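Some notes on the structure that comes next.
Note that the structure is predicted; figures quoted are calculated from it, not measured.
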Amino acid sequence: MRTVTNGRRRGGLVLGLIALLAALLLSLPAGAQETMRFDEKVRELFFAGFAGNQDALERGMAICEETLADDPDHPGALVWQASGWFYESSFLFARGDSEVGMALYNKSVAQFDRAVALAPDDLQTLIPRAAVYLFAAPYVEHAPTRNWLLETVVGDYTKALELQKPYFDSLTVHGRGELLGALASALWLLERRDEARVYLDRIVAELPDSPYALMAQQQLDDPATPAQLTCLGCHKY
């Protein structure tokens, strides 16, 4: 697998990943008073780390390691540690260290799979894996790998949408737009255009007068020009 090829493209990948993770994770139902969700403990550290703060990333990874030392099968710690490894592998590829980068990439993929296998119906495992894969896929030159990543994205986000169905209409415009837009984007990249149009039509109908509806309509009107369907709104990083 080859990923990002220069700093500017890598920067776009990282900011896009932060934006989508932030939008979707912050839309999850709040953790119970007595039990904080694991992502609530580490996500700000990882967001800062993905934006370039190495100390924050190391602290987030350390929390994952400490948690896994006590509970090796903790899905949340596994998935966030995997996201850190995946992020770090992109830098190794970018500087030409393909052998080490591939080893770390494979390690992260295996751990993502383990986390989701342990908690297959948990948004806290599905969303991070899908967000990482969606923003990596366009930079992957090997077509079978790129398509595999995108197919995984579609599967994870389709399940996430189904899990959120009982309360989806109560989510913010931002949360709904990012999830529907991510599904449409992945399907569009896979050239499964009819399926993508289902989500584009939903965005237009369900989120009128929003940036998401504007971009979805643009994609419907001009299929030859890719539209930005996610990362629409304000983000800290």
>> Other members of the hydrophobic cluster containing V198, with the 4.5 Å side-chain heavy-atom rule, please.
In response: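 Traced through the cluster, V198 reaches no other member.
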
> Rest of the hydrophobic cluster containing L78 (Ile/Leu/Val/Met/Phe/Trp/Tyr, side-chain heavy atoms under 4.5 Å)?
Replying inline: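 Besides L78, the cluster holds L68, L118.
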
> Among R176, R202, E206, E178, which one satisfies side-chain hydrogen bond (donor to acceptor under 3.5 Å, both in side chains) with Y212?
Replying inline: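 Of R176, R202, E206, E178, side-chain hydrogen bond (donor to acceptor under 3.5 Å, both in side chains) with Y212 is met by E178 alone.
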
> Are F168 and L180 close enough that some pair of their side-chain heavy atoms sits under 4.5 Å apart?
Replying inline: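 Touching, per the 4.5 Å side-chain cut-off.
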
> Shortest non-hydrogen contact from L57 to G49?
Replying inline: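 The answer is CB-CA, 3.7 Å.
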
Rounded to the nearest 0.5 Å, what separates atom [atom1] in [X] from atom [atom2] in [Y]?
X: L190; Y: W148; atom1: CG; atom2: CH2; result: 13.0 Å
X: Y133; Y: S83; atom1: OH; atom2: OG; result: 11.0 Å
X: F86; Y: Q111; atom1: CZ; atom2: CD; result: 13.5 Å

>> Does R43 qualify as a cation-pi partner of W80, given the criterion of NZ or CZ under 6.0 Å from the six-membered ring centre and within 45 degrees of its axis?
In response: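 No cation-pi geometry.
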
>> What I want to find out is whether E151 reaches R146 closely enough, with some N-O distance under 4.0 Å, to be called a salt bridge.
In response: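 So E151 does not pair with R146 through a salt bridge.
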
> Is R197 salt-bridged to D201, going by a charged N under 4.0 Å from an acidic O?
Replying inline: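 No, no charged N to carboxylate O under 4.0 Å.
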
> If we ignore angles and hydrogens, is there a donor and acceptor under 3.5 Å between the side chains of T125 and D122?
Replying inline: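 Distance-only check fails for T125 and D122.
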
> Would F135 and Y139 count as a close aromatic pair, with their ring centres under 6.0 Å?
Replying inline: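 Not under 6.0 Å, so no.
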
